[in-house]
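Letters A, B, ... mirror the listed sequences (proteins, then strands); counts begin at 1. Every heavy atom of this structure was used, including side-chain atoms; hydrogens, water molecules and symmetry mates were not.
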2 protein chains.
Amino acid sequence: MFLTDYIGALDTRNSMNVNEGNCLHTLFAKQPAEHLSASQSLFFEGDDANHVYEVLDGVLRVFRIVSDGRRVITAFLYPGDFIGFSLRETYLYSAEAVTPATIRRMPRRQFETAVAADEDLRAQVFAKTCCEMAATQEQMVLLACKSAEERLCSFIRRHMQRVTMSGERAATVDLPMSRQDVADHLGLTIETVSRTFTKLINKNVISLDNPAARHLLRIEKHGMLEFLAGDNDDCAEIRQQGGLVMYGGRGRH
Amino acid sequence: MFLTDYIGALDTRNSMNVNEGNCLHTLFAKQPAEHLSASQSLFFEGDDANHVYEVLDGVLRVFRIVSDGRRVITAFLYPGDFIGFSLRETYLYSAEAVTPATIRRMPRRQFETAVAADEDLRAQVFAKTCCEMAATQEQMVLLACKSAEERLCSFIRRHMQRVTMSGERAATVDLPMSRQDVADHLGLTIETVSRTFTKLINKNVISLDNPAARHLLRIEKHGMLEFLAGDNDDCAEIRQQGGLVMYGGRGRH
DNA sequence: CGACCGCTTGACGGGAATCAAATGGCGTGG
DNA sequence: CCACGCCATTTGATTCCCGTCAAGCGGTCG
């Protein structure tokens, strides 16, 4: 993945990143690039939140360890994402590299003064925060009422949207995170994730070119994948009617 | 609940709301108060996000209707909360009153220009956004790996923290939302919520003074409730060791 | 009184967790 | 080169929590 790539990726998530005036990416460009090896930590939950980060390349995971030792991956981060905008005292989560990754870091103080002084930057921080909030709510919906298959299909589609450059529909996708990572992100166990993968393969929704490369997926039926993800937005017409009283249930089919 | 109350509630959620210079509450004070009757809608998912709101009194629910007609309540809102800070084009969710409620509304444009012009206001908006983000992530953790009992206990405790004035430990709590509301917020069914309530009553963790007033809970064992909520933060000492490789599982006991 | 509503309770089944074992790739070392 | 162990993943057998369907209960209102 090259420099031009993540600029594109950034644009896809954020409709207002034209290069008018200052932009977040150029703000971070002054900082030296740092490289992380796979599974290397960036910071830990509870640490003083002294820096904010830009992801240049690779994939990171952001997670919390809950009381009984289990891990909840609240998000994966991709090139063009930023970390730590909406924090004040301490990090609420840990961050690690999934793949070898490149990032830039900036002291929070420096970041805050730069943003306070520039209208454009504030707008971009705001936009990024809105995206993050929307993504988190989407994940809440997934966890609140989707089946294992729906969760996995949703996840594959989201991942594809982040790694494929705008528009094109790639036939094959690399899922760099482990099955355990996927499980911890989807609120499932590794066994269920594995079983659901084989189910999708049996249905020929996806396939593996090389059984050894289990992270390389070929998407056989995009439409089916979308359908199985279960977020068909066909409820727009009911929304405004007000007479909707059919709530309840988790609808696991 | 009186005027002084929600100022207190606001302070509990937001460590920096001393009345230095402008504050969000005084900004909204210029707007007329509006009253909502129970279950009255404030706006719908997909509407143009033309206003931002302050909750003065009562409880609101914020929710999305997913494709198969089910409802996911992403949050309940209490006096001192604001709605719509992190939005740009359209509302991502609907909002309704749970109880009779009082709110103030302000046109988004007006809000944005006021915030853009004032450093203090920006800081407060930022703080509120951080709180919202933290709460949303907490909810993700709940949905990702907690059992029905843990979810309900967590919810009761959170609700208590929002409605009781700072510090005091009230013996009895009013849960104004219906069982269905609770279910849709916790990713459960109404039957499971009901069963879990009776389980807690049988364990004498909570009790009902009057069986007819099922929304009025007496908390018999605060410690037990906290324990059953399952967010004992006893993992602080493992966090930094780095050698933690015991992830996985949903741990439903 | 009877209909309706919110809630509870019961019976049952299913989907995912749990426990356990097998597979298969990969690196190390003899 | 092959044996061995390690690791991630898969697969199987079983359990169990919670969803589903259905009925019952009390309270309120017309």
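Across the protein-nucleic acid pair, A:E191 atom CD and C:dA16 atom C1' stand 10 Å apart, rounded to whole Å. We find that CG of B:L152 is positioned 13 Å from P of C:dC7, with the value rounded to whole Å. Rounded to a whole Å, the CZ atom of B:R70 is 8 Å from the P atom of D:dT20. One can place CG of B:L186 at 18 Å from P of D:dC17, the figure rounded to the nearest angstrom. One can place CG of B:D181 at 8 Å from P of C:dC7, the figure rounded to the nearest angstrom. Atom CG in B:D68 sits roughly 14 Å away from atom C1' in D:dT20 (whole-Å rounding). Rounded to an integer number of Å, the gap from CD1 of A:I190 to C1' of C:dC19 is 14 Å. Here the P atom of nucleotide C:dG6 and the CE atom of B:M177 are 16 Å apart, to the nearest Å.
Looking at A:Q40, its side chain does come within 3.5 Å of a backbone N or O of A:S37 through a donor-acceptor pair. Without hydrogens or angle criteria, B:K146 side chain to B:L152 main chain gives no donor-acceptor distance under 3.5 Å. Formation of a donor-acceptor pair under 3.5 Å by the A:R64 side chain with backbone atoms of A:Y93 is not found in this model.
Below 30°, between 30° and 60°, or above 60°: for A:Y78 and A:H159 the angle between ring planes is between 30° and 60°, a tilted geometry.
The shortest distance between the side-chain N/O atoms of B:T192 and the OP1/OP2 oxygens of D:dC18 is not below 4.0 Å. Taking only side-chain nitrogens and oxygens, B:T198 comes nearer than 4.0 Å to OP1 or OP2 of C:dT9. Of the side-chain N and O atoms in A:S178, none sit less than 4.0 angstrom from OP1 or OP2 of D:dA8. Residue A:H215 places no side-chain N or O under 4.0 Å from the OP1 or OP2 atom of D:dA8. Distances shorter than 4.0 Å separate none of the side-chain N or O atoms of A:R214 from OP1 or OP2 on D:dA8.
The base of D:dC17 does not come close enough to the side chain of B:E149 for any donor and acceptor atom to sit less than 3.5 Å apart. On a pure distance criterion of 3.5 Å, no polar donor-acceptor pair joins the side chain of A:R195 and the base of C:dG15.
Each of A:K199 and A:P211 was assigned the nucleotide of DNA chain C with the nearest heavy atom; the assignment lying further toward the 5' end belongs to A:K199.
If you check every strand for non-hydrogen atoms under 4.0 Å, A:S194 touches a base.
Residues forming a salt bridge (Lys or Arg N to Asp or Glu O under 4.0 Å) with B:R218 (at least two apart in sequence, or on another chain): B:D209.
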